[in-house]
Visitor: 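This structure is in structure tokens; I'll ask about it shortly.
Only heavy atoms go into these numbers, but all of them, side chains included; no hydrogens, no water, no symmetry mates. Note that this is a predicted model, so its numbers are computed, not measured.
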Amino acid sequence: MVVDESTDATVDRLFHALADATRRNILHRCVRGELSVSRLAEDYPMSFAAVQKHVAVLERAGLVTKQRRGREQLVRTDPEAIVRARQVLDELETAWRGRVSRMADLLAEDSDPQENNPTEGRDR
């Protein structure tokens, strides 16, 4: 699956990042405003290092950016990344709708055996 400049590896990283509920929650929280990694970590029943790893996965997927401000690492959602994710999903939806439409057409053709086999049903 390729959308614009995206490669399969890019799309794989995107969906891998979104596959985890904690990462989706981090992404959602950072949409509302930038948060420090330590602030993010306060709300999860896991270590600070585990939250850092989740943020790193989101960053590799291009969904968030980190910026150092003093001793803090601030995490911010990249709005363009959300647009790219939506484009990938839209392309998948279009492909599947096309497939379903073609299957419906094939099933409609098969539902009337008289149309498909003119000799069937005639007296011989």
Side-chain angles (χ1 to χ4, degrees):
M1 177 73 31
V2 178
V3 173
D4 296 333
E5 304 274 327
S6 297
T7 64
D8 284 341
T10 302
V11 174
D12 289 347
R13 281 192 298 275
L14 173 70
F15 283 112
H16 170 72
L18 294 173
D20 183 84
T22 299
R23 289 192 289 268
R24 288 191 307 272
N25 186 259
I26 290 170
L27 186 64
H28 180 73
R29 290 175 62 199
C30 292
V31 163
R32 291 186 242 143
E34 63 185 17
L35 294 170
S36 69
V37 176
S38 58
R39 175 65 188 103
L40 287 168
E42 291 174 1
D43 293 337
Y44 299 106
M46 62 184 75
S47 69
F48 176 80
V51 173
Q52 280 183 310
K53 288 179 182 179
H54 280 298
V55 170
V57 170
L58 290 167
E59 188 176 29
R60 278 192 302 274
L63 291 165
V64 299
T65 58
K66 284 192 311 190
Q67 179 183 9
R68 182 168 287 286
R69 190 174 301 152
R71 293 186 339 211
E72 291 185 316
Q73 292 268 338
L74 298 176
V75 181
R76 177 181 308 156
T77 299
D78 179 0
E80 288 301 313
I82 304 302
V83 169
R84 289 190 304 271
R86 182 73 229 169
Q87 288 172 337
V88 170
L89 292 171
D90 287 345
E91 186 174 300
L92 285 169
E93 180 184 14
T94 298
W96 277 104
R97 285 187 184 276
R99 289 177 183 166
V100 168
S101 178
R102 286 190 299 276
M103 286 189 296
D105 291 344
L106 288 172
L107 290 171
E109 288 174 13
D110 287 346
S111 68
D112 189 359
Q114 293 289 354
E115 284 183 19
N116 294 332
N117 189 353
T119 61
E120 190 175 302
R122 289 188 190 167
D123 292 329
R124 294 183 193 205

Visitor: Would you please name every residue forming a side-chain contact (heavy atoms from CB on, under 4.5 Å) with Arg99, sequence neighbours left out?
Guide: Trp96, Arg102

Visitor: Mind listing the closest non-hydrogen atom pair of Ala17 and Ala61 along with its distance?
Guide: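 Scanning both residues completely, I find the closest heavy atoms to be CB-CB, 3.7 Å.
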
Visitor: Atom CG of Leu74 and atom OG1 of Thr65: how far apart are they, to the nearest 0.5 Å?
Guide: 9.5 Å

Visitor: With a 4.5 Å heavy-atom cut-off, do Thr10 and Arg84 have their side chains touching?
Guide: no

Visitor: Measuring from atom CG of Leu27 to atom CD1 of Ile82, what distance do you get when rounded to the nearest 0.5 angstrom?
Guide: 4.5 Å

Visitor: Show every donor-acceptor pair shorter than 3.5 Å between a side-chain atom in residues 53-60 and any protein atom, with sequence neighbours excluded, or say none if there are none.
Guide:
unit_1	atom_1	unit_2	atom_2	d
His54	ND1	Arg23	NH1	3.2

Visitor: Find out if a path of hydrophobic residues (ILVMFWY) with successive side-chain heavy-atom gaps under 4.5 Å connects Leu18 to Tyr44.
Guide: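 Leu18 and Tyr44: one cluster.
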
Visitor: Working to the nearest 0.5 angstrom, can you tell me the gap between Leu40 CG and Asn25 CG?
Guide: 9.0 Å

Visitor: Mind checking who shares a hydrophobic cluster with Val100, ILVMFWY linked at side-chain heavy-atom distances under 4.5 Å?
Guide: Met103

Visitor: Quick one: side chains of residues 30-39, donor-acceptor pairs under 3.5 Å with protein atoms, not counting sequence neighbours, listed by atom name and distance.
Guide:
unit_1	atom_1	unit_2	atom_2	d
Arg32	NH2	His28	NE2	3.1
Glu34	OE1	Arg76	NE	3.2
Glu34	OE1	Arg76	NH2	2.2
Glu34	OE2	Arg69	NH1	3.2
Glu34	OE2	Arg69	NH2	2.9
Ser36	OG	Ser38	OG	3.1
Ser36	OG	Arg39	N	3.0
Arg39	NH1	Glu42	OE1	3.0
Arg39	NH1	Asp43	OD1	3.4
Arg39	NH1	Asp43	OD2	3.3

Visitor: Restricting to side-chain contact (heavy atoms from CB on, under 4.5 Å), what partner residues turn up for Ala104, sequence neighbours left out?
Guide: none

Visitor: Look up atom CG in Leu92 and atom CZ in Arg97, then write down how far apart they are to the nearest 0.5 Å.
Guide: 12.5 Å

Visitor: Test of understanding: with salt bridge (charged side-chain N to carboxylate O under 4.0 Å, His left out), list the residues that count as partners of Arg71, not counting sequence neighbours.
Guide: none

Visitor: Among Gln52, Gln67, Arg68, find the residue that satisfies the side chain to side chain contact (heavy atoms under 4.5 Å, CB included) test when tested with Gln73.
Guide: Arg68

